[in-house]
Amino acid sequence: MALRFYNTLSGRVEDFQPLEDKKVRMYTCGPTVYDFPHIGNYRTFVFQDILRRYLKYRGYEVMQAMNLTDVDDRTIANSQAAEKELREYTEPYIQGFETDRQLLSLEKPEFLPRATDHIDDMVKLIQTLLAKGHAYSSDGSVYYRVRSFPEYGKLSKLDFSGLRDGARVDSDKYDKDNARDFVLWKGWKEGEPFWEAPFGRGRPGWHIECSVMAMQCLGETLDIHSGGSDLIFPHHENEIAQSEAATGKPFVRFWLHAEHLMVNGEKMSKSAGNFFTLRDLIQKGYRPSAIRYLLASVRFRMPLNFTMDGLVQAQKSLERLRNFRYRLTMEEFEDGFDADLAGKASASTQAMEEALDDNLNTAEALAAIFNLVLEGNTAMDQGRFRAGNREAFLDALERWDRIFAGLEDNDYAKLEEYGLIKELEKPIDGSTISGAKEFPAPQPGSGDGGVIRTVLANAEIERRLALREEARGRRDFGRADEIRRELEADGVILEDTKAGTRWKRK
RNA sequence: GGCGCGGUACCCAAGUGGUAAGGGAGAGGUCUGCAAAACCUUUACGCGUGGGUUCGAUUCCCACCCGCGCCUCCA
């Protein structure tokens with residue numbers, strides 16, 4: 001079966017084929033850098049990453065652009081409150097996003113344009129729209145004339161046929177010909193950042209940046225454009241109107257929208273206050289890889305209810321996969337090749353591919369790899385697994401990991417690299433440090449929060465491990481078990497295997 | 001009201017016109033110095049409700065109920 005996606009524009013699942021043979025031009029709506037994104041935002045970004053990775057897996061060359069919105073009402077309001085220049089204010093959040101991106105194993109898009117780097121291009125597009133009669137100036141601002149684009153509403157399926165010109169809702173409140181018209185350029189207000197334009201000093205409206213940067217980076221017709229479902233209207237509807245009115249060409253062929261992350265049955269959002277940032281969760285002791293897994297484990301078109309229990313389950317699921325790979329790598333098997341097992345690995349991969357081909361059915365793709373884990377573990381326990389089977393199983397895991405990026409247990413290494421955790425040592429007889437949270441969560445507006453958690457240092461773990469080994473050598477199991485319990489309290493799990501003691505962090 | 005998403009076991013969650021994947025959790029067992037990991041057994045006669053079509057529906061059709069989102073802040 002062919003690769004296929006649900007296209008919001010048609011309302012159907014359609015076979016996917018890029019415009020240009022194996023090259024996919026993809027634009028994904030990125031963050032507004034007025035604060036740290038919350039994990040609802042990251043649900044969409046993780047979906048986009050899975051999409052990107054799978055397209056590459058399928059042999060496409062992916063050209064992805066993700067915008068960084070660094071000028072809008074919120075960035076301006078927050079920078080004013082912080083008494084900082086706009087760029088000075090947004091820079092730490094751009095850095096923070098970059099850190100989060102790497103923590104969540106989101107591949108770097110080919111283009112990460114900042115809105116304020118493309119004001120000139122926005123001005124040009126607005127001029128084009130003015131020249132073609134799709135826009136008009138009014139009181140220092142420029143508005144898009146929705147009536148001039150008959151197809152307005154085709155994406156959101158909203159019916160605007162009742163639109164009438166001149167039916168001003170409130171002439172004092174709106175300087176628009178019609179209440180549905182939206183702003184392309186906001187006339188300057190005292191104290192706000194501004195740019196000069198032929199139609200007056202001001203700043204861009206919300207939607208124009210995406211049209212401009214998408215076309216600038218990728219051309220006038222995109223294969224894929226995606227974002228959260230709350231962007232369908234007005235944001236993406238307006239992007240279509242702007243872009244297609246200006247170029248006369250279809251703007252986007254496939255519109256893919258992710259459903260929301262929910263908390264207690266409500267959409268997670270900044271305004272509702274029911275949100276967690278990535279840093280909030282790391283501080284509570286959860287791992288970025290578990291967060292990514294949880295966000296990826298449900299198909300993007302399904303609402304996903306976020307719970308801490310869900311995160312724990314995700315972490316344990318990942319652990320099962322990692323344990324399996326560890327066993328596959330470390331255990332010794334008899335030479336030879338078990339024919340019965342031979343087909344299992346490729347069958348699992350094929351099942352995974354069929355699931356992902358089907359509009360990115362990630363839940364089913366996960367089932368495919370877990371079925372392989374069971375096959376493998378059972379065969380090993382029964383002594384049927386042979387050395388010659390190892391490579392195919394590892395290959396299936398590696399293929400899975402190219403999409404899901406969860407096999408590597410590297411959360412702590414990354415957190416340390418980005419200065420988000422600090423390793424502590426303490427004497428073995430001291431009190432435990434588990435749950436040590438002496439660092440406050442970063443406050444909105446404070447920029448990158450720095451260290452937010454502490455963990456036991458690797459060297460200290462190794463030292464205690466040696467003490468335990470020594471105790472076990474004496475068959476002093478009481479002492480050995482005591483050390484094991486202490487380590488567990490400090491967030492370290494031990495596993496005694498034939499190859500020695502393996503440790504890992506919770 | 002319009003448009004859209006969803007309602008499957010204790011939790012998360014696939015799925016098909018032919019008798020319910022997978023993960024987590026619980027219980028019992030195997031293995032282990034003990035654990036952990038892993039394996040085995042076990043936990044939905046049932047898939048929001050009521051009709052209909054059919055030899056047969058969780059899966060198709062109709063109606064209804066419930067939760068949620070969007071309808072110019074929003075991933």
Side-chain angles (χ1 to χ4, degrees), chain A residues 8 11 28-32 37-48 72-74 146 153 155-160 176 179-183 205-207 226-235 237-238 257-262 264-272 293-294 297-305 307 309-324 326-327 331 351 355 358 361-371 373-374 376-382 472 475-478 480-481 484-485 488 493-498 501-504:
Chain A
T8 308
T28 54
C29 276
T32 300
H38 57 68
I39 56 164
N41 302 120
Y42 283 121
R43 188 211 179 167
T44 298
F45 301 153
V46 167
F47 147 64
Q48 292 165 343
D72 81 318
D73 292 349
R74 292 168 295 173
V146 167
L155 180 71
S156 53
K157 316 285 191 283
L158 296 176
D159 182 8
F160 297 103
K176 302 186 273 190
R180 284 287 178 192
D181 289 352
F182 58 91
V183 69
W206 173 31
H207 318 294
S226 77
S229 64
D230 52 354
L231 295 186
I232 296 171
F233 190 88
H235 187 52
E237 194 69 60
N238 290 353
H257 290 99
E259 264 304 329
H260 293 299
L261 189 65
M262 318 292 285
N264 296 323
E266 303 281 324
K267 171 183 165 186
M268 179 178 286
S269 72
K270 283 280 168 64
S271 54
Y293 182 97
L294 175 63
S297 65
V298 177
R299 182 145 62 172
F300 71 99
R301 297 242 310 143
M302 281 269 282
L304 195 173
N305 195 44
T307 62
D309 183 54
L311 267 185
V312 171
Q313 294 187 13
Q315 170 62 29
K316 291 185 175 175
S317 302
L318 268 182
E319 208 50 50
R320 178 166 166 82
L321 291 167
R322 290 171 182 167
N323 287 339
F324 179 63
Y326 180 85
R327 184 177 188 190
E331 202 159 305
D358 181 18
N361 190 341
T362 48
E364 199 166 333
L366 293 179
I369 199 70
F370 280 108
N371 281 326
V373 171
L374 179 60
N377 273 324
T378 302
M380 290 181 204
D381 279 7
Q382 294 176 350
R472 288 179 81 206
R475 300 195 65 80
D476 182 356
F477 294 117
D481 291 351
R484 184 169 62 196
R485 278 194 303 275
E488 177 159 10
I493 307 278
L494 301 190
E495 264 178 46
D496 294 324
T497 72
K498 286 175 202 158
T501 300
R502 173 192 183 202
W503 69 265
K504 55 192 182 188

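Just so you know, these numbers use all the heavy atoms, side chains as well, and skip hydrogens, waters and symmetry mates. Everything numeric here is computed off the predicted structure, so don't read it as measured data. Chain identifiers are assigned alphabetically (A, B, ...) following the order of the sequence lines, protein sequences preceding nucleic acid strands; residue numbering begins at 1 within each chain.
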Novice: Please report the distance separating the P of B/rU19 from the corresponding atom of B/rU58, rounded so that it comes out in whole Å.
Specialist: 12 Å
Novice: Please list, chain by chain and in numerical order, all residues satisfying salt bridge (Lys or Arg N to Asp or Glu O under 4.0 Å) with A/R301, sequence neighbours excluded.
Specialist: none
Novice: Quick one: label A/E266 by what it contacts on the DNA or RNA (base, sugar-phosphate, nothing), any heavy atom closer than 4.0 Å.
Specialist: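 If one applies the 4.0 Å heavy-atom cut-off, A/E266 turns out to touch the sugar-phosphate alone, with no base involved.
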Novice: Between B/rA14, B/rC71, B/rG69, which one does the side chain of A/H260 approach most closely?
Specialist: B/rG69
Novice: Categorize A/L494 for me: base, sugar-phosphate, or nothing, with a 4.0 angstrom heavy-atom threshold over every strand shown.
Specialist: base
Novice: Specify whether A/H235 and A/W206 have parallel, tilted or perpendicular ring planes, treating 30° as the upper limit for parallel and 60° as the lower limit for perpendicular.
Specialist: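 A/H235 vs A/W206 ring planes: parallel.
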Novice: Distances under 3.5 Å between protein N/O atoms and the N/O atoms of nucleotides 46-49 of chain B, please, pair by pair.
Specialist:
none

Novice: Out of B/rC74, B/rA38, B/rA14, which nucleotide sits closest to the side chain of A/N323?
Specialist: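 Nearest to the side chain of A/N323 among the choices is B/rA38.
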Novice: Provide the distance between the two P atoms, one in B/rG52 and one in B/rC11, to the nearest whole Å.
Specialist: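 Going atom to atom, P in each nucleotide, I get 31 Å.
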Novice: With rounding to the closest Å, how many angstrom separate the C1' atoms on B/rG26 and B/rU32?
Specialist: 22 Å
Novice: Starting at the 5' end of RNA chain B and moving along, which residue's nearest nucleotide shows up first, A/N361 or A/N371?
Specialist: A/N361
Novice: Just call it for A/S271: base, sugar-phosphate, or nothing, with non-hydrogen atoms closer than 4.0 Å on any strand.
Specialist: base
Novice: Pick out the pairs of N or O atoms, protein on one side and nucleotides 29-33 of chain B on the other, that lie under 3.5 Å.
Specialist:
from   : atom 1 : to     : atom 2 : distance (Å)
B/rG33 : O6     : A/R472 : NE     : 3.2
B/rG33 : N1     : A/D481 : OD1    : 3.1
B/rG33 : N2     : A/D481 : OD1    : 3.4
B/rG33 : N2     : A/D481 : OD2    : 2.6

Novice: Could you list the protein-to-nucleotides 58-60 of chain B atom pairs, N/O on both sides, closer than 3.5 Å?
Specialist:
none

Novice: Assuming nearest nucleotide by heavy-atom distance, tell me which of A/E319 and A/S269 is located more 5' along RNA chain B.
Specialist: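 Looking at RNA chain B, the more 5' nearest nucleotide goes with A/E319.
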Novice: Given B/rA38, is OP1 or OP2 found less than 4.0 Å from the side-chain N or O atoms of A/R320?
Specialist: yes
Novice: Contact class for A/M380 (heavy atom, under 4.0 Å): base, sugar-phosphate, or nothing?
Specialist: nothing
Novice: Picking from B/rC68, B/rA25, B/rC5, which would you name as closest to the side chain of A/P303?
Specialist: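 Closest of the options to the side chain of A/P303: B/rC5.
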Novice: When you measure from the side chain of A/E237 to the backbone of A/S156, do you find a donor-acceptor pair of N or O atoms at a distance under 3.5 Å?
Specialist: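 Pair found, side chain donor or acceptor close to backbone of A/S156.
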Novice: With heavy atoms under 4.0 Å as the rule, sort A/H257 into base, sugar-phosphate or nothing.
Specialist: nothing
Novice: Taking B/rU43 as the reference, what is the distance to B/rC5 when you measure between their P atoms (whole Å, please)?
Specialist: 36 Å
Novice: Can you check whether A/F233 and A/F160 have ring centres sitting under 6.0 Å from each other?
Specialist: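 Between A/F233 and A/F160, the centre distance is under 6.0 Å.
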Novice: Using a heavy-atom cut-off of 4.0 Å across all strands, would you classify A/L374 as base, sugar-phosphate, or nothing?
Specialist: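 A/L374: backbone/sugar contact only, no base atoms under 4.0 Å.
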Novice: When the P atoms of B/rU53 and B/rG15 are considered, how many whole Å apart are they?
Specialist: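 Approximately 29 Å lies between the P atom of B/rU53 and that of B/rG15.
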Novice: Side chains of A/S229 and A/H260 only: does a donor on one sit below 3.5 Å from an acceptor on the other?
Specialist: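 Yes, a side-chain donor-acceptor pair sits under 3.5 Å.
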Novice: I'd like to know if A/K267 reaches the base of B/rC74 with its side chain, counting only an N/O donor and acceptor under 3.5 Å.
Specialist: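 Looking at the base of B/rC74, it does pair with a donor or acceptor on the side chain of A/K267 (distance under 3.5 Å).
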Novice: Under 3.5 Å, side chain of A/N361 to main-chain N/O of A/E364, donor-acceptor pair present?
Specialist: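 Such a contact is found between A/N361 side chain and A/E364 backbone.
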Novice: Would A/E319 and A/K504 pass as an ion pair if we require N to O under 4.0 Å?
Specialist: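 Yes, A/E319 and A/K504 are salt-bridged.
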Novice: Treating a pair as Watson-Crick (purine N1 to pyrimidine N3 plus N6-O4 or O6-N4) or G-U wobble (N1-O2 and O6-N3) with both distances under 3.5 Å, list the stems of 3 or more consecutive pairs that involve RNA chain B.
Specialist: B:1-7 with B:65-71, B:10-12 with B:22-24, B:25-30 with B:38-43, B:48-52 with B:60-64
Novice: Is any side-chain heavy atom of A/L261 closer than 4.5 Å to a side-chain heavy atom of A/K267?
Specialist: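 Result no, sub-4.5 Å side-chain heavy-atom pair not found.
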Novice: Is the backbone of A/A367 close enough, under 3.5 Å, to the side chain of A/N371 for a donor and an acceptor to pair up by distance?
Specialist: yes
Novice: Any side-chain N or O of A/W503 under 4.0 Å from OP1/OP2 of B/rA36?
Specialist: no
Novice: I'd like the P distance from B/rA27 over to B/rC64, given in whole Å.
Specialist: 46 Å
Novice: If you look at every strand shown and take non-hydrogen atoms under 4.0 Å, does A/G40 touch a base, only sugar-phosphate, or nothing?
Specialist: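 Since a base atom lies under 4.0 Å of A/G40, the category is base.
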Novice: As a test of reading the structure: which of B/rC71, B/rA21, B/rG24 is closest to the side chain of A/A367, going by heavy atoms?
Specialist: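 It is B/rA21.
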Novice: Ignoring the backbone of A/M262, work out which of B/rC68, B/rG23, B/rG2 is nearest its side chain.
Specialist: B/rC68
Novice: When you measure from the side chain of A/T378, which nucleotide among B/rC74, B/rC39, B/rC71 comes out closest?
Specialist: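 Looking only at heavy atoms from C-beta outward on A/T378, the closest nucleotide is B/rC39.
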Novice: If I take atom CG in residue A/L294 and atom C1' in nucleotide B/rC11, what distance separates them, rounded to the nearest angstrom?
Specialist: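 Roughly 12 Å, once rounded to whole Å.
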Novice: Heavy atoms from C-beta onward define the side chain here; which of B/rC39, B/rC3, B/rC74 lies closest to that of A/K157?
Specialist: B/rC3
Novice: Establish, for the pair A/R502 and A/Y326, whether the NZ or CZ atom is under 6.0 angstrom from the six-membered ring centre and no further than 45 degrees off its axis.
Specialist: yes
Novice: With a 4.0 Å limit, can you tell me whether A/R299 has a side-chain N or O closer than that to the phosphate oxygens OP1/OP2 of B/rG15?
Specialist: yes
Novice: With C1' as the reference atom in both, quote the distance from B/rC45 to B/rU8 in angstrom, rounded to an integer.
Specialist: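 To the nearest whole Å, 15 Å.
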Novice: At less than 3.5 Å, do the side-chain atoms of A/Q313 and the base atoms of B/rC11 form a donor-acceptor pair?
Specialist: yes
Novice: Using side-chain heavy atoms (C-beta onward) and a distance below 4.5 Å, is A/I39 in contact with A/M268?
Specialist: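 The answer is yes; the side chains approach within 4.5 Å.
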Novice: Mind checking if A/S297 touches a base, just sugar-phosphate, or nothing, with heavy atoms under 4.0 Å?
Specialist: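 The residue A/S297 makes no contact with any strand.
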Novice: Check this for me, if you would: do A/D496 and A/R472 make a salt bridge, where the nitrogen-to-carboxylate-oxygen distance has to be below 4.0 angstrom?
Specialist: yes
Novice: B/rC68 P sits how many Å from A/L304 CG, rounded?
Specialist: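 So the CG-P distance, A/L304 to B/rC68, works out to 17 Å.
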Novice: For the P atoms, the ones on B/rU54 and on B/rC61, what distance do you get once it is rounded to whole angstrom?
Specialist: 16 Å
Novice: Measure all distances between protein nitrogen or oxygen atoms and nitrogen or oxygen atoms of nucleotides 7-9 of chain B, and list the pairs falling under 3.5 Å.
Specialist:
none

